[in-house]
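Worksheet: one structure, shown below.
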Amino acid sequence: MQQEYPWILDAIANFAAASIKQKSDYLETFYRHHLPLPLQAQELICDIAAQSNSFEKNDAHGDLSYWMIQALSRCQALKPRAIPVLRALLYSDIWYIRSYAAVSLGKIGIDDTEIISRIGDLLSDHEGHDDYVYEYALMALTHIGKIGQQELPKIYDLAYSYILDENSGGWHDPGQYLPDCLVSMEVRTPEAFEILYSLARQRRYSGYDACLALALLDAPDEESRLAIANYICGEHFDFGNAKKLHDLINALINVAGPGHPLIEQCLRHLSNDYDEEVACIAKEYLLQQFPENI
């Protein structure tokens, strides 16, 4: 470690005397380090996190709080020490503290059903000053994966009571993290598919992810291909970039099967789009999929 991680040794040695800004920078560097953190660094993170209750009460320490909690997610070798700290922070009065803690618990990996249930409780935090906590809870459950299916009733309640309300969110799309969460958790229920169909029908930005999720989850063919086709061929939508359009067309092909008439119908619609890039991509797919009709 002394040869490979000299900066980590320096950070450990200098941490106690460092300023709040320097401590935040050290913790950010620990978090972003692309290799597994040396045990000494993990011990430092766990030690200072266990002793650092005061920063919660001082908003000026927001960056320190953020990177402290993020860095705990890198303490894989010391999970028995890191997880209790993060679990306690799930009950913080400060919305961003419990939000960051939820995501770090998801990243470090947990199978404790009580902790997962508490993260699921955060799905109901979507009003007033807590209006973004539910998004972090969805991110956390995405990291947790299939075991998070125990929280499906809370996810469905969130979707039907808030996310699918067309008056919710304003400029912000409240459903942006939901499709990836359902995919990660491998949810293949009628309720989940209906939620994804609804996101696609509402033509939000999250409709793109919903369409991809329908393909990835092997949703029922007829309903899925109609949902994806309607999303692609509805009133002109800014796909943002060529990759997204490729993804959507490939999702439709995957669900409908090569050569399906609905694919040709969508491609011909797109080939007349006023956006030259969209039209060009559609024509390329037409040539590949239906060369006999060109």
Side-chain angles (χ1 to χ4, degrees), residues 123 126 131-132 134-135 137-139 141-142 149 151-257 260-275 278-279 281-282 285:
L123 294 171
H126 53 76
D131 55 357
Y132 295 114
Y134 79 93
E135 295 186 340
L138 287 173
M139 284 187 255
L141 291 170
T142 300
Q149 284 192 13
E151 300 308 300
L152 277 177
K154 298 174 187 175
I155 291 176
Y156 296 155
D157 182 68
L158 170 68
Y160 287 114
S161 67
Y162 181 69
I163 288 178
L164 297 181
D165 181 352
E166 296 189 35
N167 296 317
S168 68
W171 61 270
H172 178 73
D173 183 353
Q176 61 181 322
Y177 298 106
L178 183 53
D180 284 347
C181 183
L182 294 174
V183 169
S184 176
M185 293 168 63
E186 301 178 34
V187 183
R188 295 179 173 87
T189 64
E191 295 91 341
F193 293 145
E194 183 53 43
I195 288 167
L196 294 171
Y197 299 147
S198 296
L199 288 175
R201 284 195 296 266
Q202 290 183 6
R203 305 195 55 73
R204 301 179 179 184
Y205 286 102
S206 58
Y208 160 78
D209 295 305
C211 289
L212 301 190
L214 288 169
L216 291 169
L217 292 171
D218 302 316
D221 291 348
E222 182 176 358
E223 294 91 338
S224 296
R225 63 178 174 246
L226 287 174
I228 298 171
N230 289 335
Y231 185 80
I232 295 175
C233 297
E235 184 178 352
H236 179 74
F237 184 78
D238 182 4
F239 292 102
N241 56 58
K243 179 183 180 302
K244 284 191 172 184
L245 182 54
H246 280 289
D247 289 343
L248 287 166
I249 295 173
N250 290 334
L252 179 59
I253 293 171
N254 183 55
V255 169
H260 194 284
L262 189 58
I263 300 173
E264 182 176 10
Q265 179 183 338
C266 285
L267 292 175
R268 291 197 180 281
H269 171 83
L270 292 172
S271 68
N272 294 317
D273 197 279
Y274 65 80
D275 186 316
V278 170
I281 291 171
Y285 274 95

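Values below: all heavy atoms of this structure, side chains included; hydrogens, waters and symmetry mates excluded.
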**OP:** Evaluate the side-chain proximity of Leu138 to Asp180: yes if any heavy-atom separation is below 4.5 Å, no if none is.
**Re:** no
Original post:
Would you say the side chain of Asn250 lies within less than 4.5 Å of the side chain of Leu212, judging by non-hydrogen atoms?
Top reply: no
Original post:
Taking all atoms of both residues into account, what is the closest heavy-atom pair of Thr142 and Tyr177, and its distance?
Top reply: OG1-O, 4.4 Å
**OP:** Examine distances only and state if a side-chain atom of Tyr134 and a backbone atom of Pro174 form a donor-acceptor pair shorter than 3.5 Å.
**Re:** yes
Original post:
Rounded to the nearest 0.5 Å, how far does CG of Leu216 lie from CG of Leu196?
Top reply: 10.5 Å
Original post:
Do Glu186 side-chain atoms and Gln149 backbone N/O form a donor-acceptor pair below 3.5 Å?
Top reply: no
**OP:** Take Asp218 and Val255 through the side chain to side chain contact (heavy atoms under 4.5 Å, CB included) test and state the conclusion after the steps.
**Re:** CA-CA 7 Å; Asp218 302 316; Val255 169; over 6 Å; no
**OP:** Apply side-chain contact (heavy atoms from CB on, under 4.5 Å) to Gln202 and list each qualifying residue two or more places apart in sequence or on a separate chain.
**Re:** Leu164, Glu166, Arg204
Subject >> Gap separating the SG atom of Cys233 from the CG atom of Leu226, nearest 0.5 angstrom >> reply: 11.0 Å
**OP:** Look at Asp247 together with Lys243 and state whether they make a salt bridge at an N to O cut-off of under 4.0 Å.
**Re:** yes
Under 3.5 Å donor-acceptor pairs involving side-chain atoms of residues 151-159, not counting sequence neighbours:
residue : atom : partner : partner atom : Å
Glu151  : OE1  : Lys154  : NZ           : 2.8
Lys154  : NZ   : Ser117  : O            : 3.1
Lys154  : NZ   : Ser117  : OG           : 3.3
Lys154  : NZ   : Asp121  : OD1          : 2.8
Tyr156  : OH   : Thr189  : OG1          : 2.6

**OP:** Find the distance between CG (Leu182) and CZ (Arg188) and round it off to the nearest 0.5 Å.
**Re:** 11.0 Å
Original post:
What heavy-atom pair brings Ile263 and Gly257 nearest, and what distance separates the two atoms?
Top reply: CD1-O, 3.2 Å
Subject >> Test item: Leu270 and Ile281 side chains (from C-beta on) under 4.5 Å apart, heavy atoms >> reply: no
Subject >> Expected output: side-chain His260 to main-chain Leu262 donor-acceptor under 3.5 Å >> reply: yes
Original post:
Any side-chain heavy atom of Pro190 sitting closer than 4.5 Å to one from Glu194?
Top reply: no
Subject >> Distance (rounded to the nearest 0.5 Å) between Ile163 CD1 and Leu199 CG >> reply: 7.5 Å
Original post:
Going from CD on Glu135 to CG on Leu178, what distance comes out if it is rounded to the nearest 0.5 angstrom?
Top reply: 10.5 Å
Subject >> Contact summary for Ser206 and Pro179, nearest pair of heavy atoms >> reply: O-CG, 3.9 Å
Original post:
Once you round to the nearest 0.5 Å, how far does CG of Leu252 lie from CD1 of Ile249?
Top reply: 8.5 Å
Original post:
Residues in side-chain contact (heavy atoms from CB on, under 4.5 Å) with Asn254, at least two apart?
Top reply: Ala215
Subject >> Candidate pair Tyr208 and Arg203, rule side chain to side chain contact (heavy atoms under 4.5 Å, CB included), full reasoning >> reply: CA-CA 8 Å; Tyr208 160 78; Arg203 305 195 55 73; over 6 Å; no
**OP:** Go through the structure and list residues passing ring-ring contact (aromatic ring centres under 6.0 Å, His included) with His246, not counting sequence neighbours.
**Re:** Tyr285
Subject >> Nearest heavy atoms of Leu217 and Val183, plus distance in Å >> reply: CD2-CA, 4.0 Å
Original post:
Can a donor-acceptor pair be found between the side chains of Arg268 and Ser271 at a distance below 3.5 Å?
Top reply: no
Original post:
Who passes side-chain contact (heavy atoms from CB on, under 4.5 Å) against Cys211, sequence neighbours left out?
Top reply: Ala200, Ile228, Tyr231, Leu248
Subject >> Sequence-distant partners of Tyr197, ring-ring contact (aromatic ring centres under 6.0 Å, His included), two or more places apart >> reply: none
